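Quick notes on the structure that follows.
Given the structure is predicted, the values throughout are model-derived calculations rather than measurements. Numbers restart at 1 for each chain; the letters A, B, ... are given by sequence-line order, proteins then strands.
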Amino acid sequence: MSTSPNENRSELPKQYDHLAAQRRWYQFWEQRGCFSSDPNPAKRPYTIAIPPPNVTGALHLGHALNNTLQDICIRRKRMQGFEALWIPGTDHAGIATQAVVERRLLQEEGLSRHQLGRQGLVDRIWQWKNEYEARILGQLKQMGCSCDWRRTRFTLDPICARAVRHTFFSLFKERLIYRGKRLVNWDTMLQTAVSDDEVFHETVDGHFWYINYPLIDPRPGEPAHVTVATTRPETMLGDTAVAVHPDPAGALERAERDLRAKIDDAPAKERPELEDLLEQLRRRRDEMLPLLVKLRDMARRGAMALLPLQNRPIPLIEDIWAKPELGTGCVKITPAHDPNDYEVGKRHGLPMPSILNPDGTLRDEAGPYRGKTIAEARAQVVADLEALGLLAKVEDRKIELAHSDRSKTPIEPLLTDQWFVKMDHLAQTAIDAVVDGRVKIIPSRYAKGYLDWLGEKRDWPISRQLWWGHQIPVWSAAAADRNALSDALALLAELDRRFPRLMKHQVEEPERTGEGAAPGGAVVHACLLEDQPELIAALESAGFVRSPDVLDTWFSSALWPHSTLGWPEQTPELRYYYPTSALVTSRDIITLWVARMVLAGLHNVGEVPFAEVYIHPKILDAYGEGMSKSKGNGVDPIDVIEKFGADALRFGLAYLTTETQDIRMPVEFECPHCEKLVEQTRENRILPRIKCPHCGKAFSTQWAKKPADVALPRGAVVSERFELARNFCNKLWNASRFVMMNLEDYRPAAMSSEELRVEDRWVLSRLFTVTEVVSSAFDEYRFADAARALYDFAWDEFCSFYVEMVKTRLQNEAERPVAQRVLTHALDVLLRLLHPVAPFVTEEVWQRLAAIAPVRGLDDPRPAAESIMIAPWPVARKEDRDAQIEALFARFQEVLRGVRDIRARQNVPPRTTVRFSIRTDAELAEALRPMAPYFVSMAGAELTEIGPQTTAPPLCAGIALPAMEVFVNLAGVIDVEAECARKRKELADLEKFIAAKRNKLQNQSFIERAPAEVVQKERDSLNELAAARDAAVRALEQLIAAAKT
RNA sequence: GGGCGAUUAGCUCAGUCGGUUAGAGCGCCACGCUUACAACGUGGAUGUCGGUGGUUCGAAUCCGCCAUCGCCCACCA
């Protein structure tokens, strides 16, 4: 705390107390209903639906950024007079949340989900959800988010559930949802299918095994075995064929041709490598082609191979999937465990035995290997093949292995029954919406990924074998034959009569998988629009069973913008707020979420869900890695808020939100004992406790689990990158404090423009510009530009100049009212411009200001709004713009800077007033003369003379400026040597610049080809430099002369 | 393999339509608690704009190539 004797004079603290302000004003806003929005025909709506955070855990800085930007948009639009609605909510995040809770259950209680049972597990997850939802919403509130909390939604709540149900029903009815046997990515730990998007690839060390399959009854001249290569030898247990290319010679030729073409296009550096490949290809043709042709011929005549270990004959088949240029040229076909082989299997009608149980152990089909895990089976298969002498060779090889995002375990391709959404038409509607501009993606480069992804039109697998989520509303029954099928259909027809419009059905014909479905048999699926108990009872008594699966989380997320507004009900909200105005999100879910929202909105409501999608940067740590809880590099925004304040968090994030750069954010632990910062490294960020290198005491981290660690005080995780913003808030606070300390007798006195001084007109003119710049920056989502414009204006212009200059006038009774008037106006506008970014400090000042100066608009006699939240967004006043005043002011600033520079270099004691004079033309002299008092107050310098006739005093430091020479009289204080040194350096610099300019102007082609104004500008610039140089020479000579006397 | 983005001061980043003596904050140096603010003020030092070739009268800026880093998509028996 300050020990200043004058402390008591002010009731305002010198440091802004952000925590108190946050509590006070958030409550104030909530109580006044400032966040609430309802349809209002008198206003235009502006709507944002929050990207619902997952209830898996608390929010980190990435969420803080996302929500800060949304709140900035919402708050500004609200001030602009829109009926602004920000819908909050959270996402149940099916697989992610279930995985987290299951993992914890196992770790802490040693229980598996099966031991707990479905309802038991779901209850546990609800508990988890309640805890984290509360925490997340609390975090948002602490950040100042102005959501309409009355409308908080959860993707699993009844309103969302009804929307999901209606969507599913209608897609089912249109046959855009279907069930099929597909090879899916199987997570053997969570025992569920996961979509391609939930899979990541990791390079692991593996092997490439070459296996000989004996051929049955080869004719003379034919090979005795066929060799195949694989990285996964255990899958051979499920092989049902070996494929060879139908035209090996042609395929090789084509491969060679393609490679040659590639060599022609390739940069020189890559050529040798490619040439090498070509050579290998040629050799391969020479060595292997005859064999491949023979094998192809054998395939044609229906030759069989004997699958080792299983001793099962399997056919040799012709298929283009076997690439002669790869591996051995022949490929084993495991339809149930490889996506490509699956396609081959379908083409050839091969059996598709699965060898894998959902838990990753081998099934009976694997014969003697049943019950083993994949790893065990692999080792045994290799050993057994080796013992049989069938292992031709083994190579080391790097393998890109698919892993599940959630469980981090390897993915197994598994053939299962799954539900799909047919994407061709739906995807096209979403493509069209972006192509024709109904949805605008900002920055536009992200549209490409969106369009490419949708362009693939791959069907969307939506069923998940999980317990946490929307259960699929389909009851199914297998009909063994034609009779059973017609019975089932008759029942459905009858039920349809009894319960109209509640049910739709589909008949699923079994695919030819070779697993022997009965002829005429089928599966009948009945989809229910709602859980009608009697209907369900009737179905179940007829043998229909509800699918235990739940829907992919993104299925409900896709409906978010309209489900939160009450769809399928035609609510007033849906009519008024839909389509929403903007979606603010990060780029990693453009496809998963944004694309699906567009197609779902179009399908369900018939209109796009939002007009604009703004994609913001990602927050990375010091190593350039994304933040995540599991990595240990996540930062809780609350830590930042407690240390720096919510406004600093928000301003800091906005300040860093540029168009192309991700936000790199090195973070530190703050030692709770000595408050010093400890750098967070890859090593220490996963430790449960850390010993502070400064004070030696230990503190705990988010990983603390043991009681001994938990008992330690926790070290907050913060980043020094918020200091700039914290300091800025404090600066604003203190400037406001100064203003308010000088308003005791404030009256909104009438004021004519003649009474305005240069600095008044200057600050009004600058205010015009900054209002325009900030407004257009926000309009275009250029948050950093807006924040920087505000920072620079507030600090460098309002505080450093306007406030400084107004000080003397505030001491003067006569000049005080106008100064107060302009000062409060400027502060008022600045506060409103800043409010969307820094809501708390601006409200705090707004309220205090209202008590002293309720009426402060320059042309608005009404009192200020009762909250800055609902104050109007500033409108740039064109009449305030004054280029001449700004130019004059710039001259004033130059002189001031020059004089200060001399003072500093000459080490003039702070309280000593120096005298100085200016030589310049009469016009500028006239304009600058009234500024004389400001040189006294701001540079401790007295202007003794100004005009064309001004001469340099004998002992002085000169400053050469364009069309101006400034002489600081240093009689008695000068350090001649220092001044000479300074002059010499200045001279040298000037000579350098002059030489460069001369050079440029002597270049004939520059004179001829550059625009005349550019040439003129260079000429003027050279003249100025030459004048400055001459002045410097004179000054130096004079100094040297003075030194001698 | 395809695509996107980045590379500017010790650190983190701006840099508009190609024309400035290339900027800011932090850090560093000097001086200063001067009545809003030491979370501050005044002044200062600090750059081969990743490399290279080109377009141009003129390139941090536009184009080609190279290097490094990050991300996304696809695929590899």
Side-chain angles (χ1 to χ4, degrees), chain A residues 2-4 6 9-10 12 14-16 196 201 208 228-232 235 243 267-269 321-323 326-328 330-334 338 340-341 399-400 445-446 448-449 452-453 456 587-588 590-591 618 620 622-626 644 648 655-656 658 660-666 720-721 723-742 784-785 788 791-792 799-800 803-804 807 897 900-905 907-911 937-940 989-990 992-993 996-997 1000 1003-1011 1013-1015 1017-1018 1021 1025:
Chain A
S2 170
T3 52
S4 157
N6 296 326
R9 282 207 351 218
S10 160
L12 300 176
K14 279 189 173 186
Q15 280 190 11
Y16 166 56
D196 290 345
H201 290 85
F208 206 37
V228 295
T230 179
T231 55
R232 304 182 56 213
T235 60
K269 214 191 102 193
W321 168 238
K323 307 274 183 241
L326 290 176
T328 64
C330 299
V331 60
K332 61 196 263 322
I333 302 298
T334 322
D338 180 280
N340 294 302
D341 292 4
I399 298 170
E400 291 287 309
R445 65 175 180 279
Y446 291 114
K448 188 171 160 34
D452 288 352
W453 185 82
E456 304 236 344
R587 63 175 172 272
D588 31 6
I590 293 174
T591 53
K618 287 187 72 169
L620 309 176
Y623 305 101
E625 298 174 23
F644 297 110
Y655 191 86
L656 295 169
T658 55
T660 55
Q661 290 273 60
D662 283 335
I663 300 172
R664 195 170 287 230
M665 180 84 58
E720 281 178 304
R721 299 206 67 187
E723 280 179 9
L724 169 130
R726 187 263 322 261
N727 294 353
F728 176 68
C729 292
N730 197 50
K731 183 77 177 177
L732 180 73
W733 169 251
N734 276 295
S736 307
R737 182 168 166 264
F738 169 82
V739 173
M740 291 186 281
M741 283 162 68
N742 284 282
D785 288 349
R788 281 164 213 254
Y791 182 95
D792 292 345
C799 291
S800 294
V803 166
E804 287 305 320
K807 276 178 181 171
R897 198 174 306 123
R900 282 170 167 176
D901 180 21
I902 301 292
R903 286 194 64 117
R905 287 184 182 276
N907 280 317
V908 177
R911 286 171 210 280
S937 62
M938 296 172 76
D989 287 345
L990 284 167
K992 213 169 67 189
F993 297 138
K997 283 264 184 277
K1000 194 169 187 178
N1003 184 338
Q1004 204 50 40
S1005 46
F1006 171 67
I1007 307 287
E1008 283 163 13
R1009 303 205 192 186
E1013 57 195 71
V1014 172
V1015 176
K1017 214 172 119 193
E1018 290 297 308
S1021 164
L1025 285 169

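- Per the geometry, CD1 belonging to A:I663 stands 17 Å off P belonging to B:C71, to the nearest Å.
- The CE atom of A:M665 sits 18 Å away from the P atom of B:C11 (whole-angstrom rounding).
- Taking 4.0 Å as the cut-off between side-chain N and carboxylate O, A:K618 and A:D588 count as a salt-bridged pair.
- Rounded to a whole angstrom, the distance from the P atom of B:A14 to that of B:G25 is 16 Å.
- Salt bridge A:D338/A:K332: absent, no basic N to carboxylate O contact under 4.0 Å.
- Taking the P atoms as reference points, B:G43 lies 26 Å from B:C11, given to the whole Å.
- Side-chain nitrogen and oxygen atoms of A:K618 include none within less than 4.0 Å of the OP1 or OP2 phosphate oxygen of B:G5.
- Comparing the C1' positions of B:C49 and B:A24 gives an interatomic distance of 16 Å, to the nearest angstrom.
- For the pair A:K14 and B:C37, the criterion of a side-chain N or O lying under 4.0 Å from OP1 or OP2 is met.
- Between B:U21 and B:A38, the two P atoms lie 38 Å apart (nearest whole Å).
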Pairing string, 5' to 3', for RNA chain B - Watson-Crick or wobble contacts under 3.5 Å, brackets [ ] where pairs cross, | to another strand: (((((((..((((.....[...)))).(((((.......))))).....(((((..]....))))))))))))....

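- Checked against side chain to side chain contact (heavy atoms under 4.5 Å, CB included), A:D785 has the following partners two or more places apart in sequence or in another chain: A:A777, A:R782.
- Panel note: side chain A:N742, backbone A:F738; a donor-acceptor pair is recorded below 3.5 Å.
- One P atom belongs to B:U46, the other to B:G23, and the distance between them is 12 Å to the nearest Å.
- A salt bridge does not link A:D792 with A:R788: every distance from a Lys NZ or Arg NE/NH1/NH2 to an Asp or Glu carboxylate oxygen is 4.0 Å or more.
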